[in-house]
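Note sheet for the following structure.
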Amino acid sequence: MRRKRLFILMIALLTCFSVWSADEISFSTNAPKSVAAGQNFRVSFTINNRGGKDLRAPQFPDGFSVLSGPNMSSSSSTQIINGQVSSSTSVTYTYIVSVGKEGDYTIPGATITVGKNQYTSNSVKLTVLPADQASSTQSQGQTQGRVSQSTSQPGNISNSDLFMRAIVSKTNVYEQEALLLTFKVYSLVNLRSLGNSMPDLKNFHVQEVELPRQKEAQMEHYNGRNYQTYVWSQYVLFPQQAGDLEIPATSFEAIVSQAYSTGDIFDDFFNNRYIDTKKVLTTDKVTIHVDALPQGKSADFSGAVGDFSLSSEISTQSLKANDAVTVRIVVSGTGNMKLIKTPEVKFPQDFDIYDPQVENKYSLKSGGLSGNKVFEYLAIPRHAGDYAIPEVEFQYFDLKSGSYKTLKTESYQLHVDKGDGNETSITSGYVSKEDLKFVGQDVRFRTTSQKMMSVDNLFFGSFVYWILAVLPFLIIAVVLLVSKMNSRDKADATRMKRKKASGAATKRLKTARKLMQENRKDEFYDELLKALLGYVSDKLSIPKGQLSKDNIESQLRSHNVSDEQISQLMRLISDCEFARYAPGDDSGRMDRVYEEAAGIIGQMDNSIRK
């Protein structure tokens, strides 16, 4: 008893000290989107405050009859989440309305006063459909999607009571032009479920539109009847070839709940009996006429069809040798963006160029893919000088004008100063390019007067002559001996280096992990790059000055390292180099690259040992 009183006291205290969650007052209008002429429907106005007063209903359009209202109702709730108490309250004013004439109408908002302020709700649009042409003996409930009468023969569902349509946004398009395919259900019965079915669409690139799992019913007047309709599935189609392409008939399996009669009037009155009935809904096939793209496209045309724009930007136009420059190109618009190829940026020949990073920032709309496709290019100049990056062209077929359009970015001028220091930096497994300088020497001839010499003074056969004759052989012998000793020492050092390659890489990985935890991005990628390249250099006995893509790949293959591991290593090296200069980063990306680097070193170590 004592515990019960304590519990009631706690609830009372929580209710008294609860915080009202609705800091801002909301006042909204709600009404169906469509109704049938002569049908009664509700128009309600809801406010999240009990203090509202002086409600003023809107002036309903001509032809509307207010049958009753306002009928007021209220609701409230209290929630306790993580110790935080919140409560909400709403008051709804409802009017029962009828309209006899079909057409499109706008119901204005109502006004209400809370404290010293007056609030106005939103207006809503309403479509009044023609009256259903069913017999006058049918009830309104039947025309709105529910079978209210019982039948002694359940399972008899006609094709006019329940069917499916395949609806396309257009039937005449160009190659790669987007069109929307919609499967819509029309129902006068109690539809419980419908099996999904993917149409067999050949010669189309297909992308499904994401729709809510909970389907929302809308009333639609079709062939003289008012049906409850559901947009079941939608697909954006991109035709891949010219000609008459067919969307074949597609079947769906529906489950309908039907009331049935036993023949006993008393049993039917006290017991509602229902049975589930299956019905296969099959759509009609649809033919799409696809026109070929006209002549006049350039060699660089990649198949882009739609409405697009092009922009570009460069990270800097003045830098030092061995620093990076980033060029960013953005294609924006609506169309077949997924099929747009990567534009080519023609960097100067002496630049180290990396594969562009592509980022898709588009979403699926009824007219195709809409948004941006971003291409980011990174290059590193190796020598001082003035360079030009020419404009980039992008051609697409414009659907509005029915012609090809060519967009161009601006060209850029780069001024590259001499880099700091003379040491060659190791980047991406490639060796920096060095200038080759040729020094010419003038050869000058000079004539002198000839003098006769005595035979006794001849150099040939003298002691000095023999010393000089034997000396080269002595030097060669000494050099061979020293070289042999150095080779033996070097071999021992190489074996030791190979043995310790994994340990040295592990130390660098630990240092890189510490830099990652401190969010020191540049130092992290530098250390990770040294770990990867240092391991390869030590394990394969490749001098750092000779590290190149081809050299690394050929040496790894000769040591039985798989192509998959080699590809992963080269991609990681490029990613590390790119990430050092690319703007922005996140810890998740650094963590992923770190884990991949540690994993590939271990995998290669096992492969090389074998």
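As a basis for the values below, the full set of heavy atoms in this structure was taken, side chains included, without hydrogen atoms, waters or symmetry mates.
- Looking at heavy atoms from C-beta onward, T120 lies out of side-chain contact with F27 at the 4.5 angstrom threshold.
- Nearest approach of A57 to Y95, heavy atoms of both residues: CB-OH, 3.2 Å.
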Exercise for the section: Begin from the C-alpha positions of Q176 and Q240 and carry the test side-chain contact (heavy atoms from CB on, under 4.5 Å) through to its verdict. Expected result: CA-CA 6 Å; Q176 298 295 348; Q240 301 298 296; 3.1 Å; yes
Handout entry: Trace of the ring pair (Phe, Tyr, Trp, His ring centres under 6.0 Å) decision for F183 with F252
Key = CA-CA 10 Å; F183 288 99; F252 300 78; 5.4 Å; yes
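- For the pair V290 and Q241, the tightest heavy-atom approach, listed with the atom from each and the gap, is CG1-O, 3.2 Å.
- With S44 contributing its side chain and T92 its backbone, the two residues share no donor-acceptor pair below 3.5 Å.
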Exercise for the section: Given ring pair (Phe, Tyr, Trp, His ring centres under 6.0 Å), test F397 with F301 step by step and report yes or no. Expected result: CA-CA 9 Å; F397 183 75; F301 178 70; 7.8 Å; no
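- Here the NZ-CE distance, from K373 to M337, works out to 7.0 Å after rounding to the nearest 0.5 Å.
- With hydrogens and angles disregarded, no donor-acceptor distance shorter than 3.5 Å links the side chain of S65 to the backbone of L67.
- Looking only at atom types and distance, the side chain of S332 has a donor-acceptor partner in the side chain of N372 under 3.5 Å away.
- Screening V35, N30, T94, N71 against R42 for a side chain to side chain contact (heavy atoms under 4.5 Å, CB included) leaves a single residue, T94.
- Atom-to-atom distance recorded for I247:CD1 and L181:CG is 4.5 Å, nearest 0.5 angstrom.
- Side-chain atoms of T127 and D104 form a donor-acceptor pair, as typed in the model, at a separation below 3.5 Å.
- The distance from atom CZ of F45 to atom CG of L55, rounded to the nearest 0.5 Å, is 7.0 Å.
- Between K101 and V128 the shortest side-chain heavy-atom distance does not fall below 4.5 Å.
- Distance alone, capped at 3.5 Å, places no donor-acceptor pair between the S370 side chain and the S363 backbone.
- A side-chain donor-acceptor contact under 3.5 Å links T282 and S251.
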Practice task
Decide yes or no on side-chain contact (heavy atoms from CB on, under 4.5 Å) for V236 and L179, but give the supporting numbers first.
Solution key: CA-CA 6 Å; V236 176; L179 65 131; over 6 Å; no
Problem - CA sep, side-chain torsions, deciding dist, call: F524, Y594, side-chain contact (heavy atoms from CB on, under 4.5 Å) - result: CA-CA 9 Å; F524 165 76; Y594 175 84; 3.9 Å; yes
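- M164 places a side-chain heavy atom less than 4.5 Å from the side chain of L194.
- The salt bridge (charged side-chain N to carboxylate O under 4.0 Å, His left out) pairs that include a residue from residues 159-180 are K170-E177, where partners are two or more places apart or lie in different chains.
- To the nearest 0.5 Å, atoms CG (N226) and CE (M219) are separated by 5.5 Å.
- One finds the CG atom of N159 at 8.5 Å from the CG atom of L281 (value rounded to the nearest 0.5 Å).
- With a 4.5 Å cut-off on side-chain heavy atoms, P32 and V43 do not count as touching.
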Practice task
Determine, stepwise, if the pair F375 / V331 fulfils side-chain contact (heavy atoms from CB on, under 4.5 Å).
Solution key: CA-CA 8 Å; F375 306 90; V331 178; 4.0 Å; yes
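- Between atom CG of residue L369 and atom OG1 of residue T334 there is a gap of 8.5 Å, rounded to the nearest 0.5 Å.
- The ring of Y222 has its center closer than 6.0 angstrom to the ring center of F163.
- N172 is linked by a side-chain contact (heavy atoms from CB on, under 4.5 Å) to H289, D291, counting only residues two or more places apart in sequence or in another chain.
- When all heavy atoms are compared, the tightest approach of S123 to P108 is CB-CA, 4.0 Å.
- When all heavy atoms of L245 and N203 are compared, the closest pair comes out as CD1-O, 3.7 Å.
- You'll find the side chain of L126 stays beyond 4.5 Å of the side chain of V124, heavy atoms only.
- Nearest heavy-atom pair, T29 versus G109, reported as atom, atom and distance to 0.1 Å: OG1-CA, 4.2 Å.
- Annotation: side chain of F308 is in contact with side chain of I340 (closest heavy-atom distance under 4.5 Å).
- Between the side chain of E208 and the main chain of V206, no donor-acceptor pair closer than 3.5 Å is present.
- Within 6.0 Å of the CD atom in E518, the count of heavy atoms belonging to other residues, nucleotides or ligands exceeds 12.
- Of the possible donor and acceptor atoms, none in the side chain of D307 sits under 3.5 Å from a partner among the backbone N and O of G333.
- Using a 4.5 Å cut-off on side-chain heavy atoms (C-beta onward), V185 and L162 make contact.
- With a 6.0 Å radius and a threshold of 12 heavy atoms from other residues, nucleotides or ligands, D284 has its CG atom at or below the threshold.
- In this structure, the side chains of F41 and V99 come closer than 4.5 Å at one or more pairs of heavy atoms.
- Of the possible donor and acceptor atoms, none in the side chain of T250 sits under 3.5 Å from a partner among the backbone N and O of T283.
- Nearest heavy atom pair, residue E246 against residue P248, reads O-CD, 3.5 Å.
- No donor-acceptor distance shorter than 3.5 angstrom exists from the side chain of N40 to the backbone of I96, with no hydrogens or angles considered.
- Side chains of Q234 and T182: a donor-acceptor N/O pair is present below 3.5 angstrom, by distance only.
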